[in-house]
Each structure stands twice: as structure tokens, then as C-alpha cells.
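A note on names: the letters A, B, ... follow the listed sequences, proteins ahead of strands, and every chain is numbered from 1.
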Amino acid sequence: MIRENSNVILSVRNLTAEVEGTPILNGVNLEVKAGEIHAIMGRNGSGKSTLSKVLAGHPDYKVTEGEIIFQGENILEMEPDERSLKGMFLAFQYPLEIPGVSTLDFLRVAYNSQRKQQGLEEMDAFDFEDLVEEKLELVKMDPSFLERSLNEGFSGGEKKRNEILQMALLEPALGILDETDSGLDIDALKIVANGVNQLAKPDNATVMITHYQRILNYVEPDYVHVMRDGRIVTSGGKELAQELEERGYEWIEEEAVSEVSAQ
Amino acid sequence: MNAQTSFSSKEIQAASSDQYLNGLLKQCQGQAVALQDSETATWLQQVRDHASSSLAQSSMPTKRDEEWRFTDLSPLMQHDFQADGEASVAPSTVEGLTLPEASTTRLVFVNGVYSHQLSDVTDLPKGVYVGNLSCMSAAHTYRLQNYLAQQEGSEELFTALNTASLTDAAVIWAAPNQIVETPIHLLFLSVPGETPTLSQPRALVVAHTSASLEVIEQYTSLSESENRPNTGELPARQGELPARPYLTNAVTEIWAEENAQVTHTRVQQESQQGFHIGKSAITQSRDSRYTCNAISFGARLSRHNLDVFCHGSQSDTNLNGLTVIRGEQLSDTHSAIAYTTPHCTSDQLHKCIIDDRAHAVFNGKVFVPKAAQLTNAAQLNRNLLLSPKAHVNTKPQLQITADNVQCSHGATVSQLEADELFYLRSRGLNESDARNLLIDAFAAEMLQRIPTPSLRKTLSASLREGRGQKAEGRG
């Protein structure tokens, strides 16, 4: 929801980044305010997943220029855990399987890291289990998930629902969903979309990186951005997504090319 | 005894190896047999003499010996170990080392010597004997003659050295059909003294037909400050007294007779200055089931020889191993499973976590001769290196001449995955918490297989403690 005078949660200015010497972001500008839902679309290799990893602080990516202002502070020098504790959450495109760590233990450790940061006492195992079971409803997960090793042997849909469950527990100021909708059947997509909608509040924001327009039928974005060659080339309202679905990406690319030549 | 250190030419060194071994052997022979029953005493003396004479032609292994290629014993041979390691330990000192699950089924040996005061076998389950050899009545000891020091491979140097000093042993004896629910705890404590101590503990476990039992064999040490009686004074800070070197040379023989089941958890937590050489020899009869959980955390240098001889169809063998070492530690596991009959199965998973400049060695042999058709044997060694200087030598060694078998083996060496760390850190875990969670997870798969909850708990705590000390040391 776009509101007048709401706080800026994320401000990305002229962000360029490279991986092993190859430039991969070429000057991204993006501003996200509280209450808003943004969708970032683009073809494979346009840089949209890279943007999510750079925002979260993945060590493989080197920022060469620009800045990321999150909650009023430049976070470029911050470690991934510091960014998380400051309220950033990245739902992974491919959540990792970690054998030997139970899902419940992992969730509790993550939750308590945040409580510690806020100067609160760690929550004990019993209270935490009650809290998790409440949140499980949101993503329609069976409590038996909690006993299993983190994501080990989970189906694609189960892994993505587990990501939304983590977001529900950590209540971030900014949730970045990296292709959370990809590879889901329609039932799982509805569950994930419903989770995202319920977690969207006036004081937080969501950035959905997506390859397909389909999820936007269930989660209504306030803004749609299109990325190409490591930068955002077009931005618009939700109708832009519809237009992309009908006309493909070619027209944008043509416009972008003519724009460059006009300069 | 000190002579071997002052020579340098190769020939003289080779001779001094023998001399070193002879020195150890003399220590062994100095101990007298004190058995009530003269017939058993005579027999035992014969067993000892036989072992001594087999050593007469041996010399200490060097890295030129295939079985010792990666494990250099020269740090051990710098010390003159003495077998007079009598030490008294107050019962309060061992409280933290006992297991609530085995509070009345515990034998304690201090520097290889049975301690009546620290042991507790007041409430043994029916049908099982747990005690030490020298306290057994003559009516019982003669029955041990077919078992004690009768396993294959007894001529191996360190096993023979232990046998040459055999005066006493921990004995567990389960009668046919006895299901022993309570775990039996064999606690071998080392209390290093003024001179480097040599301890040679011995254990014998016999599970007769269709019997079932669980044994926990644990090696640990008390530093001098820990062993000080509680006088109300402040305990001396650890580290003020340098830890003292000692050598434990342990042998455990296990017999799983027809259809019997033995679960064996072996925990080696010797001090960082300790040397530990251990042999587990297991003979399995038909339809028997044997599981070993071998945990190796301690010792400056340790070697575990794990030999399983399967003599009978449909035996089932599970070997689980976890080695966790850091600093300058070296830990070597040599396992061997030998089949002689068809339809047997084995499954082995050995994991190592290696930090700093520590060095792990794994050699796993499986022998499947023609007579052992339809064997199903799997073996995997997984290694996690936590530092660039950490080092592992791994060698799976399958010898298969049968043509209708399913045998697999593999070894992996990995580091902590950067993507896994990033995933955890993106959820707010700091770097050290994320690392610890992944390391714990790697170890947990093995620790979870230990059936005794309190032991499982203390072992995972001591893993974390070890890393904690390290983190402080770095800081």
C-alpha cells in the first residue's frame, strides 16, 4: 500500500557490483517505503537474484560503487547477520539442506539471536514451540516438519513454505523473496502468497523477485520494476506486469535501447 | 633405557627400537600374577610368556611399516614409561565421570589397576557377571580360558605387549538368553604421576547365545589438580602444572556368540599429553549383531585398531566412528572386517573433524573371500577440515575375491560450505554460532547413535567446550 509520508526502509543508490571480476550490477536505483510491495521482474541473467544477494551481504559479491541505505544506515560494511538483526530477511531461491540440524532448533537459534539483539531474554524451548505452532498455521505446515533436519528431503514447495515460516517468526522490516514462487504448484503458490499478504503490514515492506507474472495475481504489488543488464530499466504500477505478460520483455528492451541511443 | 635418544646413525636407531620395546616388555614382566587359583595362574603365566616370546622378534613400528605409514611413533618413544602407576583417587573426584544409567553396573580402573572403592556393581541384572579377573572364583576363571587372549590378531605388537603384562582384566559375562537392559560402564582413568606412566587395561566381554548387552568403554584422565582432595583450598588453576605424558595401551576382546547382540561404545578422551593405543577385537558367530560407536576426542597421539572377525552366516556389523581433534593431535583409526561365510552385512561410517594442525588417519579394510558370497558391506569415511593446516590420510581398502557381493566404499574431504554459512548468517546467527551449528550437525549424526542419553549429552557438551577454549585462546 502506497502511503504519503511513510518512512523509507530501503534506498539503493547507483549500486554496482561484481562477482570474481565480472560486473553484474550496473547502477541499480531503488527506493522502498514502509507499507509497500515491490515486484522486480526480468529475464534470466538480468541481475535480479544478484541484487537480492548483494542486499543480504553474500560474501561472493563485491560492491564496487553506490550505497545501500537500510533503515537510515549504510549497511555496505555490515555482515549478513548484522543486516538480518537490523530487520532484513532474504527468502532463498534455493534454501539449503542442512542435515543434522533440526528445523525447530534452527528456528529457535535464529529467533533467539534476534531477541538477544533486542536485549530480551532468550525464549525457552517450550514457549518457543507454542509460538512456532501458531505460525505454522500461516503456511499450513504439519508440526512433524519441526523434528526433521532443516530442509533435508523437503519438496520444493515445503522448502519455500519453510522460508515464509522463518519470515513470519523473524518479522523483518524488509522481506526480500527471491523467486519464492518459482516451481510451485498452484496450491503451494496460494499458501505462499497468502502468507506474504498476511505478513505485509503498514510498518514493513516486501520486495518480490519473480520470473513469472503468476504470483502477482495473488499478491498485488504497488510497484513493478524490470531489470536488464544489471539495472532497473523500467518501473511502473501493477499494470506493467500485465503488459509484460502480454507483450513479453522485447518491447522494453527496444525502448531501453532507443533511450540509450537518444542519450 | 635412556640410551636410545643419544644415538643418531640409522643402524643404531633400528637396534634402539628393539631396545625401547624391550624396555616396555620388562615393565610388563615386572608385574606378578596374583590369582587365588593356581591352575588359572599357571595358564595365565603361559599366555603371558607366549606373548613375551612373540615380541622377542618384533621391533617398534616405523613409518616404513605399511600399517604405520602415516603415524609416527617417535614422540611416544621419547619417553620412558613406567608401569608402577599406583594412584589413589577420591570417590568424589569421579562423580562427574559416572553415568546415571550405569550407577550400579560400573567398574573403574585407575592406571590399569582395578579400584574396588570406585567401582559399583551392587545391583547387577540377573544372568550377567561384571567384575575383575583377580576377584573371580576358581570355578569361574577356568571358563575364560577359551576366550581371554584367544582372539585372532593377538600377535600384533601392542596387543601382545598388553597380553605380556596380563594380570587382571575387566570381565563381562552374559549367560545364554540374558537380555541385559542396563548398560555396563568400564571406566579407565589415567592419573599421570612423577614419571611417565604406562597403563595396560584389559577387558573381556562374552555374550553367550541369544544374550544381549550394552558396554561403554571409556578412557579419560585426571590431571593432578583435579585429583587433589577437597581441602577447602582454592583449586590450582589449570595450566599451572604442565600436563604429564602417559601411555595407555588397551585391549578389549568381545565375543558375540550365536544370535547374541553387543552394543559397544568406546570413548577415548585422554589428556592432550597422553598417548593411547587401543585394540578392539570382536569375534561374531552366526546371526550375531555387533555395533561399535568409537569416539576419539583426546590424546596427543592415538591409534585405534578395530578388528571384526565374522565367523558365521547372517552376522550384522555396524561400525560408527567420530574423531574430533585440534592443536597438534594425531588420531589414527585402522579398522578391519574379515568374512569367512556368506550372507553377512556390515555398515561403516567414520567421520573426522580436524582443526588447527591436527592429523587424522583412517584405514578401513574389508576382506571378502570366495567363501563369503552374498556379503553386503558399505563403508564411508567423511572428513571435515576446519583449518588450512588440518590434514587427513584416508584409505578404504576392500579385498574382494567373491563374485556375488554388494560392497561399496568411499571417502569425502570437505570444509564448511560457504553457502550454508551464508544461509545461517542471513538468519541472524553470527559467524561462530553458524560454524558451531554446522560442526555440531556433522558430529550429531554419530553422537545420536550412542544409546546412553547422559553420555550423548556430556560428549556433545565437551565438543562445544573444546571449541570454546579455542575461541578464547584466539581472542
Which one of A:P172, A:P80, A:G100, A:G57 has the most heavy-atom pairs closer than 4.5 Å to chain B?
A:P80
Toward chain B, the part of A:L150 with a non-hydrogen atom under 4.5 Å
side chain
Given the rule in the side chain to side chain contact (heavy atoms under 4.5 Å, CB included) test, do B:L424 and A:I98 qualify, once you have shown the distances and angles that lead to the verdict?
CA-CA 10 Å; B:L424 297 176; A:I98 304 190; 3.9 Å; yes
Taking side chain as everything from C-beta outward and backbone as N, CA, C, O, which of these in B:A444 sits under 4.5 Å from a heavy atom of chain A? Side chain, backbone, both or neither.
side chain
Need one label for B:L438: side chain, backbone, both or neither, based on atoms under 4.5 Å from any heavy atom in chain A.
side chain
Sequence neighbours left out, what passes side-chain hydrogen bond (donor to acceptor under 3.5 Å, both in side chains) with B:T333? Give chain and number order.
none
With 3.5 Å as the limit, can you list every donor-acceptor pair between chain B and chain A, backbone and side chains included?
residue	atom	partner	partner atom	Å
B:D419	OD1	A:H58	NE2	3.0
B:Y423	OH	A:N151	ND2	3.3
B:Y423	OH	A:E163	OE2	2.4
B:Y423	OH	A:Q166	NE2	3.4
B:R425	O	A:D81	N	3.3
B:R425	NE	A:D81	OD1	2.9
B:R425	NH1	A:E79	OE1	3.4
B:R425	NH2	A:E79	OE1	3.1
B:R425	NH2	A:D81	OD1	2.6
B:S426	O	A:S84	OG	3.3
B:R427	NE	A:Q166	OE1	2.5
B:R427	NH1	A:L90	O	2.8
B:R427	NH2	A:L90	O	2.9
B:R427	NH2	A:E163	OE1	2.7
B:R427	NH2	A:Q166	OE1	3.4
B:G428	N	A:S84	OG	3.1

Could you name each residue pair satisfying ring-ring contact (aromatic ring centres under 6.0 Å, His included) that touches residues 141-180 of chain A, not counting sequence neighbours?
A:F145-A:F154
Looking at B:L429 and A:A110, what are the two nearest heavy atoms and their distance?
CD1-CA, 3.8 Å
Not counting sequence neighbours, which residues clear side-chain hydrogen bond (donor to acceptor under 3.5 Å, both in side chains) with B:S454? List them please.
B:E101
